[in-house]
Visitor: 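My structure is below; once you've seen it, I'll send some questions.
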Amino acid sequence: MKGIIIAAILLLCGCTPTGNRYTIEGTTSKSDGFYYLFSGYDVVDSAEVVAGRYRFEGEIDSLIPMRNIGSTNLSDPFATTRFAPVILEAGTVTVTEDDNSPTGGLIVSGTKGNNAMRDFVIRGMELRERNDFAFSAQERKQINQSYDKLVTKIIERNLNNFASVYMLTLSGNRFSDELKSKYISRLSPAMQRTKAIQDLKMSLQTTKTE
């Protein structure tokens, strides 16, 4: 449970795409044991590892379908932990292990929202590393502009799934209130009903009346 991006995702809520059930199929180097789904830090589901594979199935929460998946050994705090955010959206979500992954040792993909988040995290980490080694203010400015373009692209391509809500919530301070309202108005009806967007609307309304 480390990294700024992972920590931020723990606090976010999601959306629901078409359909109301999700499937997660994972592969692991573990021969046995369990993988877990977390809501924040609370375990809400578990799946037994059998021959290096595990599977979750369930109904999508239309207001808060964002979860986190991990191989945390609840009885052994020193065991290797892999952890990553996952959107519970219609279709088959695939989870594979990669200790070099910037998303916490797991790669989550297979559905539109999860693919978008995976690509954003990988690209965002690349830009962050470039910024750490930038030699001039002009270079840092260009990197920030590239990041803004990346965020905008993710939002505009994912107006019907959680990836857009994630970007609006995580990177909202990069946008004016007017632009946030514009993006919110373009979200799908399902997105409009999510807790994250309702909270953001309330925040914008409070700012407007102050």
Side-chain angles (χ1 to χ4, degrees), residues 2-18 65-66 68 83-89 91 93-96 98 100-192 194-205 207-208:
K2 56 187 177 180
I4 296 175
I5 294 176
I6 299 299
I9 295 173
L10 287 170
L11 304 176
L12 301 183
C13 302
C15 66
T16 181
T18 302
M66 187 66 190
N68 296 278
F83 193 82
V86 59
I87 304 171
L88 307 184
E89 58 186 349
V93 181
T94 59
V95 183
T96 58
D98 181 357
N100 296 317
S101 168
T103 57
L106 297 175
I107 297 178
V108 182
S109 59
T111 58
K112 186 176 180 181
N114 283 299
N115 287 342
M117 286 181 59
R118 176 203 60 198
D119 294 344
F120 165 72
V121 171
I122 292 173
R123 180 59 179 150
M125 291 296 289
E126 291 174 353
L127 291 172
R128 181 179 176 182
E129 289 179 4
R130 281 180 53 195
N131 190 66
D132 289 342
F133 292 98
F135 290 104
S136 66
Q138 179 61 28
E139 185 177 0
R140 286 190 290 273
K141 180 179 179 180
Q142 292 175 345
I143 293 171
N144 279 325
Q145 290 174 341
S146 295
Y147 182 87
D148 288 343
K149 290 179 181 178
L150 175 64
V151 171
T152 299
K153 181 174 71 173
I154 295 293
I155 292 174
E156 294 186 345
R157 291 184 178 181
N158 295 275
L159 293 172
N160 66 339
N161 66 68
F162 173 80
S164 58
V165 174
Y166 167 66
M167 300 312 306
L168 279 171
T169 308
L170 181 63
S171 304
N173 60 347
R174 307 184 82 91
F175 301 117
S176 66
D177 287 355
E178 181 180 358
L179 187 53
K180 290 179 192 175
S181 296
K182 178 182 177 181
Y183 277 130
I184 289 173
S185 69
R186 294 175 59 194
L187 294 174
S188 68
M191 303 273 43
Q192 295 279 351
T194 61
K195 185 177 184 301
I197 293 302
Q198 291 299 317
D199 289 347
L200 184 54
K201 285 182 176 180
M202 185 176 296
S203 175
L204 292 173
Q205 186 62 37
T207 301
K208 186 183 298 185

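All residue numbers refer to positions in the sequence shown, counting from 1. Every value quoted in this text rests on a predicted model; they were computed, and no experiment measured them.
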Visitor: Which pair of non-hydrogen atoms, one from Val165 and one from Met191, has the smallest distance, and what is that distance?
Guide: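 Result for this residue pair: CG2-CE, 3.7 Å.
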Visitor: To the closest 0.5 Å, what do you measure between CG (Asn131) and CD (Gln142)?
Guide: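 Going from the CG atom of Asn131 to the CD atom of Gln142 covers 11.5 Å.
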Visitor: Can you see which heavy atom on Gly113 is nearest to which on Ile87, and at what distance?
Guide: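 The answer is C-CD1, 3.5 Å.
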Visitor: Specify the closest pair of heavy atoms between Tyr166 and Met117, including all atoms of both residues, with the distance to one decimal.
Guide: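 So the minimum-distance heavy-atom pair works out to CD2-CG, 4.3 Å.
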Visitor: Whether the side chain of Lys112 engages the backbone of Arg157 through a donor-acceptor N/O pair (distance < 3.5 Å, no angle test) should be reported.
Guide: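 Yes, because the side chain of Lys112 sits within donor-acceptor range (under 3.5 Å) of the backbone of Arg157.
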Visitor: With rounding to the nearest 0.5 angstrom, report the OG1 to CG distance, Thr94 to Asn115.
Guide: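 Output value for this atom pair is 7.5 Å.
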Visitor: Quick check for you: to the nearest 0.5 Å, what is the distance between Thr169 atom OG1 and Asp199 atom CG?
Guide: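 Thr169 atom OG1 to Asp199 atom CG measures 9.0 Å (nearest 0.5 Å).
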Visitor: Which atom pair, heavy atoms only, marks the closest approach of Ala134 to Ile143?
Guide: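 Looking at all heavy atoms of both residues, the closest pair is CB-CD1, 4.3 Å.
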Visitor: To the nearest 0.5 Å, what is the distance between OG1 on Thr96 and CG on Leu106?
Guide: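 Between atom OG1 of Thr96 and atom CG of Leu106 there are 7.5 Å.
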Visitor: Look at atom CD of Glu178 and say whether more than 12 heavy atoms of other residues, nucleotides or ligands are closer to it than 6.0 Å.
Guide: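 No, the 6.0 Å shell around CD holds no more than 12 heavy atoms from other groups.
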Visitor: Find out whether Asn114 and Phe162 are in side-chain contact, i.e. whether some heavy atom of one side chain is under 4.5 Å from a heavy atom of the other.
Guide: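 SC-SC contact between Asn114 and Phe162 ruled out.
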Visitor: List the atom of Gly124, the atom of Leu150, and the distance in Å for their closest heavy-atom pair.
Guide: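 Taking every non-hydrogen atom into account, N-CD2, 4.0 Å.
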Visitor: Which heavy atom of Leu159 sits nearest to which heavy atom of Tyr183, and what is that distance?
Guide: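 Answer, listing the atom of Leu159 first, then Tyr183: CD2-O, 4.5 Å.
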Visitor: Any non-hydrogen side-chain atom of Asn144 less than 4.5 Å from a side-chain atom of Arg174?
Guide: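 With C-beta onward as the side chain, the pair touches.
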Visitor: Please report the interatomic distance CG(Leu187) to CG(Asn158), rounded to the nearest 0.5 Å.
Guide: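 Result: 11.0 Å between the selected atoms.
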Visitor: Find the distance between CD1 (Ile197) and NZ (Lys180) and round it off to the nearest 0.5 Å.
Guide: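 If we round to the nearest 0.5 Å, Ile197:CD1 and Lys180:NZ are 11.0 Å apart.
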